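Please read all numbers here as calculations on a predicted model, not as lab measurements.
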Amino acid sequence: MAQTDGPEAEPGAPARTATAPALPATSYGALLDVIRSRPGLTRGQLLAATGMSRTTLFARLEVLFRAGYVYQDGSAPAGSGDERRPGRRSELLRWDTRDKVALVLDLGQTRARVCMTSVGGQVLRVREVSADIHINPGEYLATIFDIADVLVRAGTDETLVGVAVGIPAPINPLTGGLGATTSMMAPWERYPLLDVLRERWHVPAVIENDARAFALGEASVLGPGRAVLAIKYATGIGAGIVDAGHVLEGADGAAGDIGHVRISDDGPLCTCGRHGCLASWASGQALIRDLQGTGVRNLWDIVDRVSAGDPLVCDAVDEAAARLSRVLSTVVAAANPDALVLGGVLGRMPRVVSTVEEHIREDVAERARHRLRVSAAHLGADGGVIGLSRKLVDLVYAPTAIDRAILGEHESAAGQA
Ligand SMILES: [Zn+2]
């Protein structure tokens with residue numbers, strides 16, 4: 001990260017952009033934002049960085065200390081220019097992420113990862129379960145929530161800051177809730193998932209499309225300023241595009257829903273009710289259907305057979321990856337990313353990565369893929385979880401959210417007095 005005037009940002013620190021609007025200097029949240037972005041500042045350096053008066057800054061800091069957002073850690077090295085008096089050392093200020101955790105539920109069509117992460121995005125505890133998301137949402141979530149409760153209770157002296165859920169469905173950009181989806185996911189469309197999450201754990205909640213969450217996680221390891229096209233290729237097919245830290249959501253919250261692009265006039269019946277969608281030809285579900293009678297029952301069977309070099313399964317996977325590549329070529333040409341990351345149980349297979357790379361090289365003009373690197377997911381199966389954790393932390397620690405939390409506490413304290 002290009003930071004010339006302070007230490008490296010910690011994991012989970014807000015992405016800095018040159019165009020970020022200036023927040024009012026009186027904002028608690030804006031002050032915390034500076035401390036998050038530049039960990040280890042002294043009070044003197046913070047005075048210079050914010051331009052606040054000494055009295056205002058110290059009063060604001062006191063409130064942030066009491067609310068548990070900031071702590072003092074160690075002291076500035078000699079000669080840092082912040083010693084007020086000879087022999088006196090200055091305390092360093094840090095964003096307090098100690099013992100603060102997030103609950104993250106990364107829900108796929110047939111498998112779910114239930115995790116506790118640190119606020120810095122480190123996976124602390126994880127359980128992976130097989131669960132079919134197409135059943136009734138209440139019934140499905142009862143199972144997932146029970147597992148989540150066990151993981152939450154397994155922590156000692158932890159504070160849960162929020163809950164984030166990734167789901168293979170569009171997200172309504174106006175409400176942040178679930179958007180219109182395929183017929184198989186229809187029961188979820190009117191399901192008040194955000195309200196259910198808030199009522200269950202009494203903390204802020206956020207939901208995101210699973211492929212876009214995966215894209216956010218992968219973009220976080222690739223570094224700021226990158227254009228990343230990330231594909232989740234498992235039971236279904238979804239894409240996420242992150243450009244300079246911003247994930248494309250689209251007018252209907254359905255950006256990246258490439259699985260239901262029709263690639264032929266006829267062809268197999270798709271879960272969306274139409275014929276010839278990419279997913280109906282090339283998804284994991286389609287492969288399992290086509291390999292019926294060969295002993296392939298699930299995605300892991302496909303991975304095992306490909307590893308063993310089974311020619312029938314290898315051919316089927318090559319053909320599916322070729323069809324996927326046709327659609328990806330158009331997306332690559334439209335977005336001109338510098339990273340194409342393949343994730344999901346099928347997408348991470350080296351055979352799929354090399355097939356996609358080969359087809360993109362053949363199909364896309366050199367000028368639209370000059371910098372492009374095609375790779376398997378860098379975070380393994382954790383990309384979605386890390387993306388969701390980061391999205392949640394950005395929501396919980398947004399300057400406006402911090403101001404609301406602090407001023408709300410003040411008001412309720414005043415009301416009780
Ligand atoms: Zn479809």
One pair to check against side-chain contact (heavy atoms from CB on, under 4.5 Å): E208 and V247. What are the steps and the verdict? CA-CA 10 Å; E208 178 57 287; V247 68; 4.0 Å; yes
Quick one: are [X] and [Y] in side-chain contact, heavy atoms under 4.5 Å?
X    : Y    : value
I386 : V221 : no
L388 : V165 : no
I133 : I167 : yes
V203 : L103 : no
V341 : S375 : yes
I258 : L328 : yes
L324 : T355 : no
W300 : R111 : yes

N/O donor-acceptor pair under 3.5 Å between [X] side chain and [Y] backbone:
X    : Y    : answer
Y397 : L32  : no
R127 : V150 : no
S389 : V385 : no
E218 : L379 : yes
D210 : G166 : no
R262 : D265 : yes
R369 : R361 : yes
R274 : H260 : yes
Q45  : T42  : yes
S283 : S280 : no

Do NZ/NE/NH1/NH2 and the carboxylate oxygens of R371 and D338 come within less than 4.0 Å? no
Is it true that D394 and K391 make a salt bridge, defined as a side-chain N closer than 4.0 Å to a carboxylate O?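 Result for this pair is no, no salt bridge flagged.
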When rounded to the nearest 0.5 angstrom, what is the spacing between [atom1] in [X] and [atom2] in [Y]?
X    : Y    : atom1 : atom2 : result
L197 : L105 : CG    : CG    : 7.0 Å
Q122 : C115 : CD    : SG    : 12.0 Å
L299 : I302 : CG    : CD1   : 5.5 Å
L160 : H202 : CG    : NE2   : 11.0 Å
R43  : E91  : CZ    : CD    : 7.5 Å
M349 : S354 : CE    : OG    : 10.0 Å

If you count every heavy atom of other residues, nucleotides or ligands that lies below 6.0 Å from [X] atom [atom1], does the total exceed 12?
X    : atom1 : answer
R200 : CZ    : yes
R125 : CZ    : yes
R297 : CZ    : no

Would you list the pairs meeting side-chain hydrogen bond (donor to acceptor under 3.5 Å, both in side chains) in which at least one residue belongs to residues 235-255, sequence neighbours left out?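 For residues 235-255, and leaving out neighbouring residues, the side-chain hydrogen bond (donor to acceptor under 3.5 Å, both in side chains) pairs sorted by first residue read T110-T235.
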Is the NZ or CZ atom of R94 positioned over Y71's six-membered ring, under 6.0 angstrom from the centre and within 45° of the axis?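 No, R94 does not lie over the aromatic ring of Y71.
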Is it the case that D149 and W201 place a side-chain donor and acceptor less than 3.5 Å from each other? yes
Report the C-alpha separation of V114 and F145 in whole Å, then their side-chain angles, then the decisive distance to 0.1 Å, and conclude whether the side-chain contact (heavy atoms from CB on, under 4.5 Å) test is met. CA-CA 9 Å; V114 183; F145 285 0; over 6 Å; no
Residue set satisfying salt bridge (Lys or Arg N to Asp or Glu O under 4.0 Å) with R348, at least two apart, ordered chain then number -> none
Indicate the atoms forming the closest heavy-atom contact of A205 with L194, along with that distance. O-CD2, 3.6 Å
With salt bridge (charged side-chain N to carboxylate O under 4.0 Å, His left out) as the test, would you mind laying out the steps for R305 and D310 before giving the verdict? CA-CA 5 Å; R305 295 288 189 90; D310 181 327; 3.0 Å; yes
Kindly indicate, with the supporting measurements, whether the criterion side-chain contact (heavy atoms from CB on, under 4.5 Å) is fulfilled by D195 and R198. CA-CA 5 Å; D195 293 338; R198 290 183 190 123; 3.5 Å; yes
